Structures are given as C-alpha cells and as structure tokens.
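Take a look at the structure below.
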Amino acid sequence: MATQILPSHPPALPRTHDPNNSGCGRSNHLSVRRKAEDHPVLALLDDHRRLDADSIRRIHARMLRLGLLDHPYSASRLLAACSLSPSPDLRYARRVFDHISAPNLFTWNIIIRAHASGPDPRLALLLFSSLLRHSPHSPDKFTFPFAIKAAAELAALREGAALHAMVAKSPFLRSDVFVLNSLVHFYAACGDSNLSLRVFEKIPEPDVVSWNSAIAALAQGGRWDEALQLFEEMDRGKVMPNDVTMVSVASVCGKKGDLELGKRIHSYIERGEIKQSLILDNALLDMFVKCRSLADAESLFDGMTTRDSISWTTMLVGYAKSGQFDAARRVFDEMPRRDIASWNALISCYEQSGRPKEALDLFHELQHADATPDQVTLVAALSACSQLGALELGCWIHAYMEKNNFQLNYHLTTSLIDMYSKCGDLDKALRVFGCASKRDVFVWSAMIAGLAMHGRGREALDLFEQMQEAEVEPNTVTFTNILCACSHAGLVEEGRLCFSQMLPVYGISPTADHYSCMADILGRAGLLEEARGYVESMPTPPGATAWGALLGGCAIHKNVELGELACRRLLELEPRNHGAYVILSNLYARSGRWDAVAMLRKVMKESSVKKEAGCSSIEVDGVVHEFLVGDISHPTKEKIYLQLEDIASRLKAAGYVPDRKEEDDAKEKALCLHSENLAIASGLPDDMFAGTDPDHEESSCVTVRVWIGLLLASVLLEAKQSWMEAKKRVAVLNFVQQSKCVLSCGLDRDGYLLQVCCYTRGEAL
DNA sequence: ATAGGGTTAG
C-alpha cells in the first residue's frame, strides 16, 4: 500500500470507485490507520445483528464524512455489518465492497459469504473467480467454506468439484476440518452420498459437525440404516452427539417408521443429554406423525414452549394423514400464522386422500385469503383437477401460471400433461409436451401415459422411441405406462418384448405392477395360461392387482375355472372387494351358470359385502358439484329429476336399450339415481329440450344440444363402456366438435369414463 | 475481525 505524505484532512466528499487508484485517501497513512481502527463510530457497528438498514445508512454517511471508508479495515467493518445483518441488502453491500480500494482477503471473504447464502449464490462464485483473477490474495481456509457453500446451494457439481480440486492441492486446506465439512455437505447437496462419505472418511479428526454432515448425507440419500449405523459409531466414539445429530436421527426414524427407536431417542433427549431446540422438537413431532403415533405427537406439541408454523403444519398433517380432517382443519384455523406451506399441506392431504373437491374448495379459499400460491400449491391443485375432471379450473391454473411467469419446471409440466390427459383434452396435453423446453423422465412418462389412456398405443410406443433418442433413461413408471399402452392397443407382441427387455437392456427389475400389466395384456388377448404364468412367476407373492387382471381376462374370455381361482385369491387378499364378486358373477351369468350367480349373491349378502357408494362430479362454470348414488340433497334436484326423465324417454324413443347383460342396473328408476346421471343432468340447461323433437329438428344448433344430451346420457348410462368405444359408436360427436360446445371427459387409467364436462365458450349452453 | 451441520408441503 502506498505511503501517503499529505496532511491529514478528512475528505468531505465520498470517493468514486476507481480500481486503478490504489491510494487510500489523502491523509497521513499512519495517523489515519490508528484513527480508523479506534474511531468511536466503528463501535456502532459492533453489534451488526441488531442494525437495520437505516442505521447502517446513517453510519455509512458519517464514515464517508470522516473519511473512514478510505481505509480497508474500517470499510470492511461496514461491509461486515451490512452483509451479516439479519436481512442483508446485498446490492448495498456490493456497492460498499466496490468502493473499497484494494480489498483485503477478509473483505473478500465477507462479501463471498454474504452472497453464498443470499438469493443468488452464483454471485458468490463469480466473486470467487474475480478474487482469483483480479486480486493479489489467494483464497484461504475461510474463503473455501463460503465458496463451497455457494456451490452446494446451487447443487453445482462441476464448480464444487473444481473447488475441491483446488483444496486438494494445498496441504493446509486439504486437512482443514471446516473446509472438508463443507465438502461433505456439498456432495450430499448434489445428491451424491457416496462422494460425501468418501470426503468424510478422509477427515483426520472429524468433529461433531463432520459426523452430523455425514449422517445427514446418508439420511437425505435414503440410506437410513447406514445413517443409523454411523450414528451408533459416533456414539461409541469420543465425539458426543448434539441436537443437530438428533434431528437427522429423528428424521430417519420417521422415514423408517421405527417408533421404538424414535421413542428411545426422545427419552434420551429428555434426560437432558441434548440441548432442546425448536428444530429438534419439530423433527421429533414429524417423527411421531410419520410413525402414526398421534398421541405422542400431541403430548410433545402440548408441552412445547415455542412453536412455529412448521410445528403447527406438522400437527395438521398428522391429523389429515390419519383421516381426521376436522381436527386438521381446526389446527389450520387455530394456528397463529399460516404460510403457504400450511395451505399446501392441507390441500395436498385432501388431494391425496381422494378428496379432490375439498382440495379445490381450499384452493379457492386460499385465493380469497391474501396468500400467494406457489408451485407446490399448483401441482396439488392440478392433481385435484385431474381426479375430478375439472378441465375448466385446470385451464385457469395453466393461464394463471403463464400470467404470473411461473417457471414451467419438470414437476409443473408433468402435472399439466397429467391434468389435460385425465380431463380428456389430449391435444392440450400434447401441446404442453411440445412446448416444454426440457423434459425429464417424468414429463416423458406422463405423456406416454396420456396417449395410452386415450387408446393411442402406437403413438405411445413411438414416443418411447423418441425419449430414448433424447437420451432420457426410462424408469419403472415409464415401463408401467408403456405396458399400459400395449394393453389398450392390444399390442401383445410389443408388450412381451418391452417386458423382456426391462432388466437386460434397461437394468430395471420388473415389479408387481409390470407383471400385472402383462397379465392384463395377455388376459385381454385370451392368452390366459400365459397370463397365469406371469402371475405365478412374480418375484413377490401376487397382489390383488395381478389376480384382478387375470380375473378380468377370464371374464372377457369366459374361462370359469381360472376365473374362480383368480377370484378366490383376490378375495383372500381383499375380502371386501365388491368388484371381484361382480366380475365373477357376470362371468357366471355370461356362461349361463345361473345357479352360481344365485349362490354368489347369497355369499355376498351373508358376508355383507357392500358396493362402495358411487360418486360423480360435474364442473359448471369452474365450480365442481358432487353427487352420490341416489343423492337427493342438491338444491336443484327437481330440475335434475325432470331432466333425467326427459332424457330417459327420449332415449327410449331413439331406440336406446340399456345393456342388461351386466349385473343389476335393471330398474330404470335406479338408473336415474346413478351418480353419473345426477351429475350430468345437473349441468344441462333448463331449456335444453324446449320445443324440440329429435326426429324433426329444424335448428341445427338446437339439434346439437339435444344430441349432446342424448350422447352424454347414453354414454353415462353405460358408464362401464370404454369412452373410446363410445366415441366410435356415436358418430354424432362430430357435431359436438363443430359446435361451440366443449365436451371433455375424464378418464381413469384404463380409459374408462370418470367424469364429463360440458360447457360452452362464450355463451351459455 | 470471518467458518461448517439439522425440521414441514411435492
């Protein structure tokens, strides 16, 4: 640093930044140096955790007037204060840094540290590289942990590995426990628990943080048992576990569902060996919730002196996951502060428990509260839309995402494709897929599933080819979807080939799902013995799905003996499976075995197997209405019943005969109370048939309306009918497509009709 | 003068 010989007069104006001017102000260097270090203003910066932005600005101004910023030491004190305050203004910190001429290494470390844990950790890495290129200093044992932290935040494997290489070259750094600990954390953050562990094993004297980082790496990598082993090893050694250790251990107990170990951990902590902390309490709460021990969770929660929104949300999830939705809702209403995660937790729990309507009601509620949905919210809401066939709301969410510049990440792209496919709008699904800039295995798999459920098996297989050309590795879900496509399109040979290639070519062991798909493909094709072979050669004992697939094949091809066997096995696993009885009964009926039909009914009656209450929904103007079988509670029930009677008589006039081959459904009155019919009739306009006669219709617009009604009704009256077949059968669908009406159908995985939405663009139907 | 590790929703 140049020695100054000018008299000491504090400069009145702030210096502008000039990197070429390495001079430090216009005053006597030595006297300023002493003053700069001792100046009382600096004492104001000591407690930087309490300084707010305004106080920092005031101190900054005073320091400018006093000329203190010309000295690297005092300027760094200011930099530290504004970088390390609780909510640092990094752009401000960066401006202060840029005005410090010849920043020393401490200064560099501070600014890199601040950016490493800031909103854009890339800036920390950029600063690190300008430290290397533009400064005379070399990064030290403080610099590396900050830079590696930034790489970890970004999961930037390449950059972090480069830092690791630099560390490895320096004998001082490569054995520094802080540096190595940050590398253990870094590799774990990149999802590579192996590398993480290898660094850990090289630490000469691991401290508690080393152990904690390694245990956390294993815990987060899903290697639960190894995490617990490492914990035991630590416990036997000279390093004492602390509260942070126990957070990871509790989390592993939760993931494993190991309540016994979880309780031992809990009492170990309560004996006072371990410091209490809110995070640890939350981790224990989560452990109890995941182990389904709500009583333990409640008593822990009740005894907690401080709780944050994570504590409340964890309790909420505990109630919701155990089906106590009223209690969950009470927690939600009582919690002092709700963040978006609390909303997401409840919405997701509803959606995953087969309560999509409640999920969407809550989603609407969220929009009226002043909460802002995030990606997790939208993923959950889209999934609820898929389950309900709520196309209109799904479209609205899509538009909302575009309007608010949501990054279409893999997760959201997958959800959109799934929603459009399941709500029947395959073209939109294909469009989302086509517009996706990047596609991971889930995006590809969702699109393959979409094509499969719409009966476009060939195209699904083509897409699989394209996926491989794009060098995306298929996973187990991809193969389930491909086999599903083969099943729908009747592609037996292709199905066999895919299945046989799974392990040798793709290294994926077929699971029970894949075996069941094969049983389904072969069974539908009438290759019942081969199907049975797949079921009986499964790696795990065949489950209800496998026997169900075989039973389905037997029912189609009237194989009573094998069908009975499959049904027996299925009922051993699921004694209350109503569907199994119905299929077997239909199989008997179609083979003329009426005695067996009667016997089966008797068995069902005696074992009081009940049909699950059917439930259907319809979306009208973005609002979802639900109907149960025989539901008479809807406010417009009169209208609905009139509609149904009208449709029924028109169907009869049009020569429609309900399919009576299948079981029950015989009484027309009962038909009217089918939940699907109730739902669709409620969505039809009051005057749909006003003054019309399907045989002599003048106005084509009205004709279309009438036909829509008839079409929907006929499809719905035979809800077991595949939608694809119905489409072929009813040519009138073309009218629908030309009209202003939008007709979309929700399909289940097998391409069967779940939901129908019918609405107009622009005008009321 | 500066350091590192941990909990909820998908």
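Computed from a predicted model, the values in this text were never measured in an experiment. Just so it is clear, the values below take in all heavy atoms, side chains as well, and ignore hydrogens, waters and symmetry mates. So you know, we letter chains A, B, ... as the sequences are listed, proteins then strands, and number each from 1.
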Completion exercise
Across all chains, not counting sequence neighbours, the ring pair (Phe, Tyr, Trp, His ring centres under 6.0 Å) partners of Phe106(A) are none
[X]: partners by salt bridge (Lys or Arg N to Asp or Glu O under 4.0 Å), with sequence neighbours left out:
{"X": "Asp339(A)", "value": "none"}
{"X": "Arg94(A)", "value": "Asp98(A)"}
{"X": "Lys256(A)", "value": "Asp225(A)"}

Practice task
With heavy atoms under 4.0 Å as the rule, sort Asn409(A) into base, sugar-phosphate or nothing.
Solution key: nothing
Practice task
Under 4.0 Å between any heavy atoms, over every strand shown, what does Ser348(A) touch: base, sugar-phosphate, or nothing? Just pick one.
Solution key: sugar-phosphate
Problem - Centroid separation Phe325(A) to Tyr350(A) less than 6.0 Å - result: yes
Practice task
Go through dT2(B), dT8(B), dA9(B) for me and flag the one nearest to the Asn109(A) side chain.
Solution key: dT2(B)
Exercise for the section: With the side chain of Ser248(A) defined as its heavy atoms from C-beta on, choose the nearest nucleotide among dA9(B), dG6(B), dA1(B). Expected result: dG6(B)
Fill in the blank from the handout: Rounded to whole Å, CD1 of Ile310(A) lies from P of dT7(B) at a distance of 10 Å
Problem - Short side-chain N/O contact from Gln352(A) to OP1 or OP2 of dG10(B), under 4.0 Å - result: yes
Completion exercise
Note: contacts of residues 198-209 of chain A with DNA chain B (heavy atom, under 4.0 Å) are Asp207(A), Val208(A), Val209(A)
Problem - ring-ring contact (aromatic ring centres under 6.0 Å, His included) contacts in which one or both residues fall within residues 223-276 of chain A, not counting sequence neighbours - result: His266(A)-Phe288(A)
